[in-house]
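Owing to the predicted nature of the structure, the values given are computational and were not obtained by experimental measurement.
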Amino acid sequence: MHRRIFVPGALAAASLMLAIPASAASYTPGAPGIGDPYYPYYGNGGYDVSHYDLRLRYQPETDQLQGTATVLARTTQDLSSFDLDFLLDVSEVRVNGAKAAFTHTGEHELVVTPKRPLAKGTPITVVVRYSGVPSTKSAYGFTTWHRTPDGAVAADEPEAAWWWFPSNDHPSDKATYDVSVAVPDGTQAISNGTLQSTSSQRGWTSYSWRQNKPQATYLATLALGKFDITTSTSDGGVPVINAYSTDLGDNDGAARASVERTGEIVDWLSDWFGPYPFSTAGGYVPNTTTGYALETQSRVYYSPKQFAKGSNVSVVVHELAHQWYGDDVSVKDWKDIWLNEGFATYAQWLWSEHEGEGTTRELADYVYASHPADDPFWTVAPGDPGADHQFDDAVYDRGAAAIQALRDGVGDTAFFAILKGWPKEHAYGNASVADFERYAEQVSGRPLAGLFDTWLFQPSKPAASAARSLAKGGDGAGKPVTRPKSWTSIEAAHGGHGH
């Protein structure tokens, strides 16, 4: 995770490489950013992607990646040029079969000028041929391509795609994926969705993966290395594919004892959130030095450090809850992050109660009591925390306490109807915090603006009257409440998105 706001230079200037014919004077370049208030130059304007087809070849010894990306999209304005978010070296771009001019600008923009301007509503096929060494590339002073002893991993938030495929890199433009990767025999390639086929020829093995449900670009993942792969099927019928680097050392047992419970947890979460939304589930644990986990769609990424102190099923619960809250229903803008992290944390609270390690009420009381009124914790507004605080503890903990407050305010019947109905209401789409508030009011039949404002937007500790029952010391002045047994494992998921 990278907490920053940046304003690159004149990104659009190079998009005028070819003169626009007089008959196309109304055609203009697509914006170099999709307009996100936190990351204004992430994503791009002027088109909407429906599918990515990625054909890759990777050499672990040198970290050399070659690729051909075919991007299917439709224009949303009259376009003279458009941008893709990408860092590797490009040798050719074609738009609807014709060679297009291209140039790199700013930190991560590939500007494409098609041979002919594109009218609004035009289906386009963009083919990009490229190569490079991803580990040598950086933008804004960071990289999200993680080398391992036997390969590499692409998994990060809010960006990871730039290092391995050209894209419209913002959660609001979701698409389906086909990812085919050739690696030397003995190395494996893991990605999202279902493994369609494997084939070997002349010392190389190709793995073809398909994600048939819309997926945000940051949720696309690629793992290259030597893995032990396990397969199973949950009682609810969900196929599970897990993978573990063969050199995890002392963390191997704890990782397996946690991640191998994926099928059980998917079924358990389905009782709360509705049917599992994807064709497969699972996770992978590569031998990286990172310290976070990430809800990469249908194939969760876990760092071995998540299991350095023993098994942690709670972090698995957190990342799998994101499959509904974050992956199935994705944020409209990055400011809506509470819809991801608050609900994934609350899923951990439900699991804690299930395991007899602290009820959701006890956990909410503990959050309230642990932070006195002058604690900076309360100055972060989970409903719009700002780019610099997007993944602060308050987004997780105050965010989950807000969900408990909602439950107290509407009652269990309405609350659990909201919890299960929301993923169905916006299935495979995007939604905002405001959308959730309207939905909760619709289902419960109650006005909730005051409750949401108090818990999600006010930069201050809610008054004791805002919580139904607070334990002693709830104002931070008296005896602190007892810390629930599950607390340490729950908090471990916070690092899930920081590095």
Side-chain angles (χ1 to χ4, degrees), residues 6-54 68-87 90-130 159 161-162 165-177 214-218 330-334 428-430 432:
F6 45 80
V7 182
L11 293 173
S15 64
L16 300 177
M17 288 183 62
L18 294 181
I20 300 174
S23 60
S26 64
Y27 289 72
T28 56
I34 213 164
D36 189 275
Y38 288 4
Y39 307 106
Y41 292 100
Y42 282 25
N44 306 287
Y47 63 95
D48 182 77
V49 178
S50 61
H51 185 73
Y52 293 96
D53 182 273
L54 309 177
T68 299
T70 302
V71 184
L72 305 182
R74 184 177 294 273
T75 59
T76 58
Q77 69 177 71
D78 292 339
L79 281 177
S80 58
S81 66
F82 59 90
D83 288 21
L84 292 163
D85 300 301
F86 196 46
L87 291 174
V90 175
S91 60
E92 182 182 74
V93 179
R94 289 180 178 268
V95 178
N96 290 346
K99 281 191 176 182
F102 61 90
T103 188
H104 288 278
T105 67
E107 294 275 353
H108 71 284
E109 301 288 330
L110 172 66
V111 183
V112 177
T113 304
K115 188 174 183 179
R116 302 173 186 84
L118 303 167
K120 180 180 179 180
T122 300
I124 57 174
T125 300
V126 183
V127 177
V128 182
R129 299 185 187 277
Y130 58 93
E159 68 290 287
W162 312 344
F165 69 98
S167 68
N168 193 20
D169 190 28
H170 190 269
S172 61
D173 192 2
K174 299 164 76 168
T176 54
Y177 287 72
Q215 175 176 277
T217 43
Y218 85 96
S330 301
V331 296
K332 278 186 178 177
D333 292 310
W334 281 110
Y428 309 116
N430 299 79
S432 67

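Taking 4.5 Å as the limit, some side-chain heavy atom of His170 sits within range of a side-chain heavy atom of Asp333. Using a 4.5 Å cut-off on side-chain heavy atoms (C-beta onward), Val71 and Val128 make no contact. Contact of the Val90 side chain with the Phe102 side chain is registered, since non-hydrogen atoms from C-beta on lie closer than 4.5 Å. Annotation: side chain of Thr217 is not in contact with side chain of Asn168 (no heavy-atom distance under 4.5 Å). Val95 is listed as a side-chain neighbour of Phe82, based on a closest heavy-atom distance under 4.5 Å. Within the 4.5 Å cutoff, side-chain heavy atoms of Tyr218 are placed close to those of Trp334.
Annotation: ring-ring contact (aromatic ring centres under 6.0 Å, His included) contacts of Tyr177 (sequence neighbours excluded): Tyr52, Phe165. Every residue two or more places apart in sequence or in another chain that forms a salt bridge (Lys or Arg N to Asp or Glu O under 4.0 Å) with Lys99 is listed here: Glu92. Asp53 is linked by a salt bridge (Lys or Arg N to Asp or Glu O under 4.0 Å) to Arg55, counting only residues two or more places apart in sequence or in another chain.
Under the 3.5 Å distance criterion, with hydrogens and angles disregarded, no donor-acceptor pair is assigned to the side chains of Thr76 and Asp48.
Here the closest heavy-atom approach between residue Asp78 and residue Lys120 is recorded as OD1-N, 2.8 Å. Annotation for Pro166 and Tyr130: closest pair CD-CE2, 3.8 Å, computed over non-hydrogen atoms. When all heavy atoms of Thr113 and Ser81 are compared, the closest pair comes out as OG1-CB, 3.7 Å. The minimum heavy-atom distance linking Ile124 with Arg74 is given by the pair CG1-N, 4.4 Å. Shown here for Ile34 and Ser172, the closest heavy-atom pair between the two residues is CD1-OG, 3.5 Å. The minimum heavy-atom distance between Asn430 and Val331, with the atom names listed, is ND2-O, 2.9 Å.
Panel note: side chain Thr103, backbone Val111; no donor-acceptor pair is recorded below 3.5 Å. A donor-acceptor pair under 3.5 Å is formed between the side chain of Thr75 and the backbone N or O of Gly121. A donor-acceptor contact shorter than 3.5 Å is absent between the side chain of Asp83 and the backbone of Asn44.
Atom CD of residue Glu107 and atom OH of residue Tyr41 lie 12.5 Å apart, to the nearest 0.5 angstrom. Atom CG in Leu72 sits 5.0 Å away from atom OG1 in Thr125 (nearest 0.5 Å).
Each of Asp85, Leu87, Leu84 was compared with Glu109 under the side chain to side chain contact (heavy atoms under 4.5 Å, CB included) criterion, and only Asp85 meets it.
Environment of CZ in Arg94: crowded, with over 12 heavy atoms of neighbouring residues, nucleotides or ligands closer than 6.0 Å.
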